[in-house]
Amino acid sequence: MIPNTPPGQRRSGFVKAFQDTGSPVVTEETLDGMLHLPEVIQRQIHLSTNPAENKLLRSEFYYEQAPSAFLCVALLSLHSDQTACGHQLISHCRSLSRKLTNPEVDACLLTDIMKQLLFSAKLMFVKVGRSQDLALCDSYISKVDVLKILVTANYKDIPSLDDIVETSAITRLRHQLLEAEHYQLAVEVSTKSGLETGGVWQAWGMACLKAGNLSAAREKFSRFLKAPLDRNQLNLGPLLLQEVVQHLENTVQLNLNSVTGRSEDILASLRDLEEALSESSGPSDRSEAPLQGVRQQECLFYLNTFGTHLALVSFYMRHDCMTEALTYLLNKECPDEVFLEGVLQPSLEKGRLGSLQSIMEKLDPGLETCSRYLIASCQFLQRRGYFNTLYQLQQFMTDHVRAAMTCIRFFTHGATSYLQLGENQSWLVRAKEHLRTFLQEQQGRGGVKRRSQVNSFRKMMSSSDVSRHMNTIELQLEVTRFLHRCESAVSPKSPRTATFSPKSPRASAPPTLFGGSPVKVEVACKVMLGGKNIEEGFGIAYRVVQDFQLEAQAVYVRAGQRLVRQRQYGAVRQLLKCVGESGTATKNDCDALILSCVSFADKSPADAKDLESLILEAKSTESKIKAYLLCGKLRPAYLLAVKLEAGRAGPLVQDVLQAAEGVQDSVMQNICSQWLSEHHSKSAQQRQARPSAR
């Protein structure tokens with residue numbers, strides 16, 4: 001132990017040391033308050049020229065205090081290499097930092113000395129212009145500040161400067177403080193070291209929350225959580241917010257006294273627990289009851305302050321507060337996507353669409369305010385293919401036109417034949433009823449109210465269009481009943497005029513009158529060929545052609561070609577008879593139909609007789625000749641041609657000649673050439689005789 005030296009000398013030395021280093025002026029009173037050194041008698045020691053006395057004085061000399069920052073700096077200031085002295089002071093600080101865990105050492109005094117030495121080292125570097133070493137001093141000074149924070153808090157495991165020289169080491173120290181639940185120290189260390197403090201506030205807030213100190217948790221979380229820039233985002237907010245809400249929802253609050261500031265009371269805690277348990281085991285249907293309890297209100301605080309619209313709406317829906325969710329949506333005018341994801345989908349998953357409709361009708365009897373959400377819901381359900389739910393919602397909206405369209409979709413969806421369409425025809429009846437209801441409502445409205453419905457969310461349509469659609473449905477019903485009856489009566493033994501089986505791959509989607517013009521032509525053709533004979537279905541097919549202004553000849557030609565393909569020439573003749581008796585077809589139409597059938601036929605020897613009888617059905621000789629040529633029967637064509645007057649026969653014989661040349665029939669070529677030659681000379685003689693006669 002080294003005895004003390006005179007305090008006056010010591011204090012004046014410290015003052016001089018602080019002034020020499022450029023530090024703020026420190027008075028002797030301040031130093032006394034900091035170091036708490038006792039007062040002793042001041043004495044001075046002077047060396048003489050007597051070596052023996054000097055040796056005795058040196059042997060008796062002792063330092064008043066060790067370690068002494070002033071004396072250390074004073075001695076090093078006499079050295080010529082101030083850079084080396086500065087690094088020597090830093091080295092001393094590193095050594096002193098290893099002694100902070102020694103219980104026999106005043107750790108606070110050591111940190112003060114370390115800081116004084118570092119300031120002195122910084123001044124030395126400034127004097128010699130070592131600016132690159134100034135950052136090193138500043139780094140060590142900030143780390144000494146960290147050590148002083150730990151010393152002041154009586155933290156046991158104080159690291160040395162070498163232990164925290166890297167930023168990663170400071171991060172590990174912060175993690176150790178968090179694990180030991182020294183949250184305040186972790187905040188101070190992070191702030192002093194320039195580390196991010198959000199994680200510390202988060203851990204501290206969660207600790208307060210789990211301990212039931214809700215007010216403290218609010219204060220801690222508010223330092224980290226921020227309100228979203230756009231509350232319309234389609235997410236549930238930050239993960240921390242979700243974790244906080246989940247904890248509040250799932251944890252039973254054991255002690256509400258910590259929130260309200262009441263004194264601790266065991267009986268009160270038991271009552272709170274009983275209330276919480278009774279609340280959690282209450283009835284599941286609480287859609288009309290507002291959220292109760294401190295935990296729920298705390299959730300609402302966090303969600304209103306830091307959450308998105310979707311997060312708050314989802315919270316309401318989880319707690320069966322559908323009325324509050326819809327009210328919030330309407331008041332905040334949230335986007336359609338928030339309603340779809342936050343309200344509609346949970347309602348569908350829980351089978352509570354009916355409850356949702358009732359609440360919407362209660363909050364908005366006219367459904368005008370909710371219209372945007374209803375339209376978005378219909379579009380969503382249609383995209384997902386939830387057509388039954390879509391139909392239910394359209395009925396709720398009294399959107400009769402769209403409901404009728406959905407019914408038509410139910411009628412056609414998935415059907416592969418008119419057998420199945422016949423089973424679905426009740427949907428057509430519903431569609432017709434929807435349109436009739438719409439027409440009655442439209443006709444019953446006054447002029448003012450009709451104008452107010454122009455911007456209605458319900459689909460509007462003119463009375464003429466509605467009537468036209470109703471006629472289409474009525475005709476489709478008649479077509480369906482007819483074809484369903486025909487296909488039901490099909491048996492392997494019964495001959496049919498239909499050209500393909502209802503289960504044929506080409507008939508996977510049976511044509512209906514709700515398609516375009518080509519599909520309607522196919523419907524007319526199918527009806528015409530679907531009965532036991534052509535006459536049975538021709539009337540309905542003719543109505544389809546007339547109602548939709550289809551090209552009748554295209555329908556007849558398609559039906560005739562299919563009959564010829566099946567070699568049903570008797571049915572073709574029936575078709576010709578019906579077409580001729582329809583009253584709208586001309587003889588040219590019938591002849592064109594015959595030519596189309598002949599050109600489509602296989603023209604095999606087995607079909608020669610049937611084709612002959614079919615050709616004879618033609619009205620004009622020219623059509624018969626063309627039909628014979630199509631069949632390759634040149635002789636009958638030639639005989640018919642030469643029976644005509646020369647002016648009409650010439651071009652036709654020429655056609656026969658070209659056909660003969662095509663098949664290399666020399667006999668017919670000679671006959672046709674001879675006839676053309678004879679009649680050509682006769683016509684030339686007649687032309688010459690006419691001028692002489694004049």
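Keep in mind the model is a prediction, meaning the values are calculated, not measured. Note that the numbering runs from 1 along the sequence shown for the chain.
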Does any non-hydrogen side-chain atom of [Y] lie less than 4.5 Å from one of [X]?
X    : Y    : result
R372 : F339 : no
F125 : L136 : no
P159 : L150 : yes
L117 : I113 : yes
D112 : K148 : yes
D138 : K122 : yes
L374 : D399 : no
I90  : C93  : no

- Task: Please check if any side-chain donor atom of S142 sits under 3.5 Å from a side-chain acceptor atom of D145, or the reverse.
- Result: no

- Item | Any side-chain donor near an acceptor of the partner, E243 and H247, under 3.5 Å | no

- Task: Check step by step if side-chain hydrogen bond (donor to acceptor under 3.5 Å, both in side chains) holds for N213 and S215.
- Result: CA-CA 6 Å; N213 192 351; S215 59; 3.3 Å; yes

Crowding at [atom1], [X] (>12 non-hydrogen neighbours, <6.0 Å):
X    : atom1 : result
K210 : NZ    : no
E333 : CD    : no
E249 : CD    : yes

State, to 0.1 Å, how close [X] and [Y] come at their nearest heavy-atom pair, and which atoms those are.
X    : Y    : value
T308 : N235 : OG1-O, 2.6 Å
F457 : S371 : CD2-CB, 3.3 Å
F306 : S222 : CZ-CA, 4.1 Å
P346 : M317 : CB-CE, 4.2 Å
T101 : I158 : CG2-O, 3.4 Å
A74  : S77  : O-OG, 2.6 Å

- For V128, all residues meeting side-chain contact (heavy atoms from CB on, under 4.5 Å), sequence neighbours excluded: Q82, T83, R130

Closer than 3.5 angstrom, by distance alone: can the side chain of [X] be matched with the main-chain N or O of [Y] as a donor-acceptor pair?
X    : Y    : answer
S139 : A135 : no
R94  : L161 : no
D364 : C370 : yes
S314 : A311 : no
E361 : L367 : no
T191 : V187 : yes

- Message: Between Q88 and H92, does the side-chain hydrogen bond (donor to acceptor under 3.5 Å, both in side chains) criterion hold? Intermediate values first, please.
- Response: CA-CA 6 Å; Q88 181 70 24; H92 285 315; 3.1 Å; yes

- Query: Parallel, tilted or perpendicular: which fits the ring planes of W201 and W204, with parallel below 30° and perpendicular above 60°?
  - Reply: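 Plane angle under 30°, so parallel.
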
